[in-house]
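In what follows, a single structure is set out as structure tokens and then discussed.
Note that the structure is predicted; figures quoted are calculated from it, not measured.
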Amino acid sequence: MIKFFRSIRQSLLAQGRFTRYLTYAVGEILLVVIGIFLALQLNNWNAERKRSEQELALLIEMRENLLRDLEDCRDNIITQMRLGRAQEVVLKHLEERTPFHDSLRIHYGNLMGSTMLTMNTSAYDNLKSIGFDLIRNDSLRSAITRLYSERYRFVAMIEIEQDFHLQKVDMGSQLYEKVVMDTMWKNAYPVDVDALMNDNKFKGVLRMNKFNKGFMVTIYEGVEQQVQELIAQIDKELEQRRK
């Protein structure tokens with residue numbers, strides 16, 4: 001093709017048609033520029049298509065991660081409610097000085113315990129390595145950041161510094177001495193039930209732990225709502241992009 005254009009130019013020059021030669025040369029330059037422009041546009045279109053496909057794949061993966069997070073969060077809510085109920089039942093038993101009976105064993109067995117939210121972050125980790133600007137929707141990108149970099153970090157801190165610490169230090173020091181734990185979360189009984197009824201420190205720890213369990217339920221319910229909202233945003237984005 002290049003030889004063909006060159007031969008035309010040489011023919012025009014040989015015939016002394018300089019004006020036509022200039023016109024042809026300008027046309028040839030424009031043709032080359034248009035070709036380069038179209039090639040760049042095609043490259044940009046391909047790059048944008050690949051980036052869009054990458055974004056959609058990441059959002060689909062993130063949605064699966066969030067569904068697993070949601071399931072774990074709900075399990076933690078159930079567990080914390082069960083543990084809180086145990087504090088309430090045992091505390092009522094001690095304060096009202098009712099006789100110990102076998103139905104209380106499961107509640108004594110649930111006086112201590114904590115939960116940890118298992119966060120599936122593979123998609124978020126990929127997003128961090130690629131760059132957050134991969135997510136074109138500003139509100140969606142902001143919602144993702146708020147959940148992973150703010151809410152999840154806050155929950156992890158509360159779990160370790162408050163819930164786990166309370167179980168290990170306060171509840172642990174009381175239970176190891178005053179309660180026989182046959183099977184944790186299933187079967188335990190007091191060493192001296194009459195002494196426990198007069199043990200204000202033990203009952204005080206139960207009250208604090210009862211409050212803490214209610215607080216943890218509130219924390220996880222907040223996570224549950226935020227995760228559900230983010231899943232809904234991702235679903236909306238995926239639906240719009242697939243149209």
Requested in this report: Decide if atom CE of Met81 counts as having more than 12 heavy atoms of other residues, nucleotides or ligands within a radius under 6.0 Å.
Outcome: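 It does not: Met81 CE has 12 such atoms or fewer within range.
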Check whether any side-chain heavy atom of [X] sits under 4.5 Å from a side-chain heavy atom of [Y], and report yes or no.
X	Y	value
Leu56	Glu53	no
Arg241	Ser52	yes
Leu70	Leu66	no
Arg85	Lys210	no
Lys50	Glu55	no

Query raised in the report: Taking it one step at a time, do Thr118 and Arg68 satisfy side chain to side chain donor-acceptor pair (under 3.5 Å)?
Result: CA-CA 9 Å; Thr118 303; Arg68 291 198 294 272; over 6 Å; no
Just to verify, what does [X] make a side chain to side chain donor-acceptor pair (under 3.5 Å) with, not counting sequence neighbours?
X	answer
Gln162	Asn212
Asp194	none
Gln87	Asn209
Ser139	Asn137

Contacts of type ring pair (Phe, Tyr, Trp, His ring centres under 6.0 Å), residue [X], not counting sequence neighbours:
X	value
Tyr176	none
Tyr152	Tyr148
Tyr189	none

Report task. For Asp235, enumerate each residue passing the salt bridge (Lys or Arg N to Asp or Glu O under 4.0 Å) test, keeping only those at least two apart in sequence or located in another chain. Result ->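 Listed in chain order: Arg63.
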**Report entry** Residues in salt bridge (Lys or Arg N to Asp or Glu O under 4.0 Å) contact with Glu71, at least two apart in sequence or another chain
**Finding:**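 By the salt bridge (Lys or Arg N to Asp or Glu O under 4.0 Å) rule, Glu71 matches no residue at all.
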Query raised in the report: Is there a path of hydrophobic side-chain contacts, each under 4.5 Å between heavy atoms of I, L, V, M, F, W or Y residues, that connects Met184 with Leu206?
Result: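 Hydrophobic grouping puts Met184 with Leu206.
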Report task. Answer yes if Ile158 and Met116 sit in the same cluster of Ile, Leu, Val, Met, Phe, Trp and Tyr residues linked by side chain heavy atoms under 4.5 Å apart, and no otherwise. Result ->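 Ile158 does not cluster with Met116.
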Query raised in the report: Who else is in Ile106's hydrophobic cluster (ILVMFWY, side-chain heavy atoms under 4.5 Å, direct or via others)?
Result: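 The other cluster members (ILVMFWY side chains, heavy atoms under 4.5 Å, direct or chained): none.
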Query - With sequence neighbours excluded, residues passing side-chain contact (heavy atoms from CB on, under 4.5 Å) with Asp199 - result: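 So Asp199 forms a side-chain contact (heavy atoms from CB on, under 4.5 Å) with Gln174, Lys178, Leu196, Lys201, Phe202.
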Query raised in the report: In chain order, what residues pass the side-chain contact (heavy atoms from CB on, under 4.5 Å) check against Lys128, with sequence neighbours excluded?
Result: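 Partners of Lys128 by the side-chain contact (heavy atoms from CB on, under 4.5 Å) criterion, ordered by chain and then number, come out as Tyr124, Asp125, Phe132.
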Query raised in the report: Does a side-chain N-to-carboxylate-O contact under 4.0 Å join Arg136 and Glu237?
Result: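 Here Arg136 does not pair with Glu237 in a salt bridge, since their nearest N and O are not under 4.0 Å apart.
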Query raised in the report: Going by atom types only, do Thr145 and Arg141 share a side-chain donor-acceptor pair under 3.5 Å?
Result: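 No, Arg141 and Thr145 have no side-chain donor paired with an acceptor closer than 3.5 Å.
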**Report entry** Asn110 and Arg105 side chains, donor-acceptor separation under 3.5 Å
**Finding:**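 No, Asn110 and Arg105 have no side-chain donor paired with an acceptor closer than 3.5 Å.
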Requested in this report: Return yes if some donor-acceptor pair links the side-chain N/O of Gln80 with the main-chain N/O of Gly214 below 3.5 Å, else return no.
Outcome: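 Between the backbone of Gly214 and the side chain of Gln80 there is no qualifying donor-acceptor contact (under 3.5 Å).
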Query - Closest approach of Phe100 to Ala188 (non-hydrogen atoms, all atoms of both residues) - result: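 So the minimum-distance heavy-atom pair works out to CZ-O, 4.4 Å.
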